[in-house]
Amino acid sequence: MPVPFNLADALDAALKSAATAAGLEAGAFVPEVRTADSRHGDFQANGVLGYAKARKLNPRALAEKLVAALPPELTAAYEVVIAGPGFINFTLKPATLLAWLRTHDSADHLKASAATARRGQTWVVDYSSPNTAKQMHVGHLRSAVIGEAICRLLEFSGTRVVRDNHIGDWGTQFGKLIWAYQRHLDPAALAADPLEEFERLYQVGNTAAEADPAVLEQARQELVKLQAGDPANLAIWKKINDVSLGAFQQIYDQLGIRFDVTLGESFYHDQVARVYRELTATALAAESQGALVVFHPEHPRFRTQPFIMRKADGASNYATTDLATALYRLEHFHADGIVVVTDFRQADHFEQLFLTVRKWFAAQAYRLPELHHVTFGAVTGEDGKALRTRDGGTIKLKELLAEAEARAFALVSERSADLPPEERRAIAAVVGVASVQYADLAQNRSSDYVFAWDKMISLEGNTAAYLLYAGARIHSIFRKLGATPGDAASEAAASALETPAEFALARKLVKFADAIRLATDTLRPHFLGLYLYELAGDYSAFYAADKVAVEDPAVRARRLLLCARTLLVLETGLRLLGLRTLTRM
Ligand code: ARG
């Protein structure tokens, strides 16, 4: 029996055709297919109620009419039951489940089941995007980790993704930095650790400017010279950025991130004239106390709180570059969607930006991409306060990842003392980084994120170590039996599912596409994390209840088939979240 790749889509299509056959108003019936609570089946269609209510029909009678008109392939694949006032419940028949398991035998097949309406579109994802001249600290973790997972989810559902690191490389910090660089540079420190030296120089410049208005003015002049293209200042600026990007890349390598483009704020600085021109010509922007601003009269706050796009001294700012950036993403990348990942404190900026872009693009008759600001909460310590080092400094990301690895090494050494130390170190490198990534991805990104080492690097609970261990354990079953996951001949010999634990696991596996779709549509990776955690739990229950290495070859083949599919789904899911996986742990 052929099994369609996306079950929910197939149900939706079948119900729509049944609606036509049963004489419902053309195009008016929306099936509303949802994942059902497993006690009631695998899927549920809720659309009958709304349709019947709007037309004063009896919903149960309507549901019966629809069910009678369902195509025969569908009733062959599902038990169909009408429940309550007119819900239609669908439960996959055992043979359908087995057929699904046989067909979904590769990441590509899983991918086909996850395709969404965004397939074929181009989306620009702007994430990580730190400011240069400073090291990345713990606050920079979330944008990088969440952004990368979103990129991978979008790609998996068929979207072309442009990963764009929109670095802050044109800010006012450069005035003070160049001022100090010219006067207080320590060449030996620069050679030893350039980023540390830039941070020190910035502090020197900042302190001096605070103490003395003349220094502040000199720093401002350095910035003006830089922005006017002075070669000496440009050379210092370029050096600072190159060094910063080199240091960022070391972190990105650990996190498995590769940007397609790094177009920072400086890239747009000669594109702002067009922004001023078009927004003024369309009367969206107006002069206010010397500045060029946009008000949004329909908005409760932005009616009076202006979006400043040119300061009174004539300088451009964050808003100007972001407006130019939106236009560039439309014209250069032909973006159908734009996602920007930053913490919630920039919510007002992006709300004003998107309101402005919508009006501006409409006035110019430009195509409007979908615009999403993906926000996240703060990273706090267990005391609920901002996470800091013991002496109150910010925690550098580099040091945080090194500590994660060291803690993971202790965990692995405790569990698997028999493995040679270099293998334990290699495993710890994966587990350490994965634990930090996953702790961030496992919870709703809108919440503050409490950073707690003991919860994060643990084999208990919804953690990376737990999920990686579940995968490694399946690999070891195959190793012990001398079998290979996904072996076609063995899978063809599998018999029909029988035990409750086998059914529960298979019914969870078929829900992978729904979890992906939910995570992708909402741009919230934790929905996938939650699914993987539940899957690992169903797998454990199956493994505890049903022996895999039984004599009966058909039973052994079907249990190995379940093991292989669990492994495929688990590893595919973990990689979509940006994690590396392990065959041994
Ligand atoms: N550099 C900014 C910061 O560190 C984030 C930039 C986000 N992207 C953007 N297009 N504004 O806060």
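We count ligands from 1, going down the list as the structure has it; atoms in each ligand are counted the same way. As a basis for the values below, the full set of heavy atoms in this structure was taken, side chains included, without hydrogen atoms, waters or symmetry mates.
- Salt bridge status for Glu196 with Lys396: present, with a side-chain N to carboxylate O gap under 4.0 Å.
- A salt bridge links Arg367 with Asp336: the distance from a Lys NZ or Arg NE/NH1/NH2 to an Asp or Glu carboxylate oxygen falls below 4.0 Å.
- Residue pairs satisfying the side chain to side chain donor-acceptor pair (under 3.5 Å) criterion with at least one member in residues 261-273, sequence neighbours excluded, are listed as follows: Asp169-Ser266.
- Pairs passing the salt bridge (charged side-chain N to carboxylate O under 4.0 Å, His left out) check and including a residue from residues 308-325, sequence neighbours excluded, read Glu287-Arg310.
- A salt bridge is absent between Glu405 and Arg425: the closest approach of a Lys/Arg side-chain nitrogen to an acidic carboxylate oxygen does not fall below 4.0 angstrom.
- Shown here are the side chain to side chain contact (heavy atoms under 4.5 Å, CB included) partners of Ser435, two or more places apart in sequence or in another chain: Val431, Met456, Ile457, Ala464.
- For ligand 1, the protein residues placed under 4.0 Å by at least one non-hydrogen atom are Asp126, Ser129, Asn131, His166, Tyr318, Asp322, Val340, Thr342, Gln346, Phe350.
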